[in-house]
Amino acid sequence: MTTLTHYLQSQEIYPAVSSVITTVTDIGKDIAALLKKGALADILGEAGNQNVQGEEQKKLDVLANDMLLDALAQNTHCAGVASEELDHATPANNDGELLVLFDPLDGSSNIDINMAVGTIFSVLPYERQGEQIEDTDFLQHGHKQLAAGYLLYGTSTMLALTIDSDVVMFSLDPDSGDYVMVNERVQIAADTSEYAINSSNYRYWLAPMQQYIDELIAGETGVRGRDFNTRWVAAMVGDVHRILCRGGLFTYPFDTKYAHKAGKLRLMYEANPMSLLIERAGGGATDATQRILDITPTDIHQRVPVVLGSKNEVEYVKTLHLQHQG
Ligand code: AFP
């Protein structure tokens, strides 16, 4: 039985990266415990304020954010933190070698209905060691990430993590408190018959995405020649976890619903970490045409359209979009 501690010790892992992963995953245990209490701990419902995204913050959004922030501030390897819940990056230890980004509680609209939520995290190098961090220090390409992963607080608490080349999966043993390895090298099948999209936005999608979904719905009666199934967790962590477990395609595409938003998902602490996991597991991750990990960031909260999962499906979506571009 390999635990996360053994795994981190056994790999040729940069000790600072190993340390911040331990900090984040230890707090993950505390968040999981809070979620287990749920309504009994007076932690559900709205916090009564909005985040930088203009979204109503849940009490647990704020709690999870503060728990991660406080713990990382004590980790000397962490120079600073960027979070979905904070307007700007927060300095930690100026001599730290690493930057940590996270969505503390992804899928928080699921909290009050006892559905899956998660924590998404990303680790970047800090290039100006010794100086106080600024937002611009975080604006690095996704392919620069030193580590990425998520914690999924579902029927069990699971951790998916990539540091070097592989994606490793662990399950939290509630008896021992250890994260126990359950898959040492996650791989995604190149083809799938399962997709995840919020279809209520159909009229806002671009024509190629409408065509793609129309073909999936037509199933064996259409050009794809086989039927497809759909799933939608409404928490990216849950949809990505399903894809890492059994393949599939997830997309929150470009839509014209809100002029100032390219899509709903955030590049730096949702799309980039999830794209690194998916690519390392043999899948693809684009904004419909370009590789997400190659996107040049311009703001720590910028949004990006996302198409990720089984490689051949992601490639087909790209083909349709390029055909429409003529
Ligand atoms: P919340 O954290 O506000 O619940 O949003 C979750 C999320 O960012 C992502 O995790 C989901 O895939 C997506 O939004 C769900 O969006 P819809 O609510 O529009 O389906």
Side-chain angles (χ1 to χ4, degrees), residues 31 34-35 38 43-65 68 82-86 101-122 148-154 158 160 194-205 209 213 230-244 248-275 277-278 283 285-288 292 300-309 314:
I31 295 171
L34 265 182
L35 285 163
I43 51 174
L44 303 185
E46 310 290 347
N49 44 0
Q50 291 189 346
N51 62 17
V52 66
Q53 332 282 345
E55 295 160 343
E56 279 307 313
Q57 284 183 312
K58 303 285 188 181
K59 288 178 187 171
L60 263 171
D61 277 327
V62 177
L63 263 174
N65 180 71
L68 285 162
S83 165
E84 181 191 16
E85 303 304 332
L86 298 171
L101 305 89
F102 53 74
D103 179 356
L105 214 59
D106 173 63
S108 47
S109 53
N110 278 350
I111 293 171
D112 296 354
I113 55 168
N114 198 29
M115 292 293 122
V117 292
T119 297
I120 308 171
F121 60 90
S122 168
Y150 62 75
L151 288 149
L152 173 62
Y153 311 110
M158 298 198 73
E194 192 163 70
Y195 69 100
I197 192 166
N198 180 339
S199 298
S200 67
N201 295 320
Y202 182 92
R203 66 183 186 279
Y204 300 111
W205 300 335
M209 185 53 75
I213 298 300
T230 184
R231 287 283 183 277
W232 187 249
V233 178
M236 187 185 194
V237 176
D239 286 307
V240 169
H241 186 72
R242 185 188 60 254
I243 288 171
L244 288 177
L249 182 116
F250 167 89
T251 178
Y252 210 107
F254 177 90
D255 65 43
T256 57
K257 193 171 185 179
Y258 303 108
H260 63 293
K261 289 181 185 176
K264 180 176 183 183
L265 303 176
R266 275 65 58 147
L267 174 64
M268 297 309 297
Y269 40 79
E270 288 177 327
N272 271 343
M274 292 310 209
S275 297
L277 287 166
I278 292 289
T286 69
D287 65 358
I292 283 178
I300 59 173
H301 295 300
Q302 80 184 71
R303 297 173 189 269
V304 66
V306 175
V307 180
L308 61 75
V314 173

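Just so you know, ligand 1 is whichever comes first in the structure, and atom 1 is the first atom listed for that ligand. Hydrogens, waters and symmetry mates are skipped; everything else that's a heavy atom, side chains included, is used. Residue numbers count from 1 along this sequence.
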For Ser109, the ligand 1 atoms with a heavy-atom partner under 4.0 Å come out as 4 (O)
One finds that the ligand 1 atoms under 4.0 Å from a non-hydrogen atom of Ala234 are 6 (C), 11 (C), 15 (C)
Only residue of Leu35, Ile31, Asp106, Val237 satisfying side chain to side chain contact (heavy atoms under 4.5 Å, CB included) with Val117 is Leu35
The atoms of ligand 1 lying under 4.0 Å from a heavy atom of Asn198, numbered in the order shown, are 17 (P), 19 (O), 20 (O)
Considering distance alone, does some N or O of Met236 sit under 3.5 Å from an N or O of ligand 1?
yes
Inset, instruction - Could you tell me if any non-hydrogen atom of Arg266 lies under 4.0 Å from any atom of ligand 1? - result: yes
OH of Tyr252 to CD of Glu270, rounded to nearest 0.5 Å, is 11.0 Å
The atoms of ligand 1 lying under 4.0 Å from a heavy atom of Tyr252, numbered in the order shown, are 16 (O), 17 (P), 19 (O)
Apply side-chain contact (heavy atoms from CB on, under 4.5 Å) to Leu308 and Ile243, showing your working. CA-CA 9 Å; Leu308 61 75; Ile243 288 171; 4.1 Å; yes
**Asked** Taking side chain as C-beta onward, heavy atoms only, is Val306 less than 4.5 Å from Met274?
**Response** no
* Asked: Are Ser122 and Asn272 linked by a side-chain donor-acceptor pair shorter than 3.5 Å?
  -> no
Out of Leu265, Val306, Thr251, the nearest non-hydrogen contact to atom 8 (O) of ligand 1 is supplied by Leu265
From the list Ile278, Asp239, Val307, side chain to side chain contact (heavy atoms under 4.5 Å, CB included) with Phe250 holds only for Asp239
In ligand 1, the atoms that come under 4.0 Å of a heavy atom of Gly107 are 1 (P), 2 (O), 4 (O), 6 (C)
Numbered in order shown, the ligand 1 atoms found under 4.0 Å of a heavy atom of Glu270 are 8 (O)
Is there a side-chain contact between Tyr153 and Thr119, using heavy atoms and a 4.5 Å cut-off?
yes
Answer yes or no: is there a side-chain heavy-atom contact under 4.5 Å between Lys264 and Arg303? yes
For Trp232, the atoms of ligand 1 under 4.0 Å from one of its heavy atoms are 15 (C), 20 (O)
Here the atoms of ligand 1 under 4.0 Å from any heavy atom belonging to Ser108 are 1 (P), 2 (O), 4 (O)
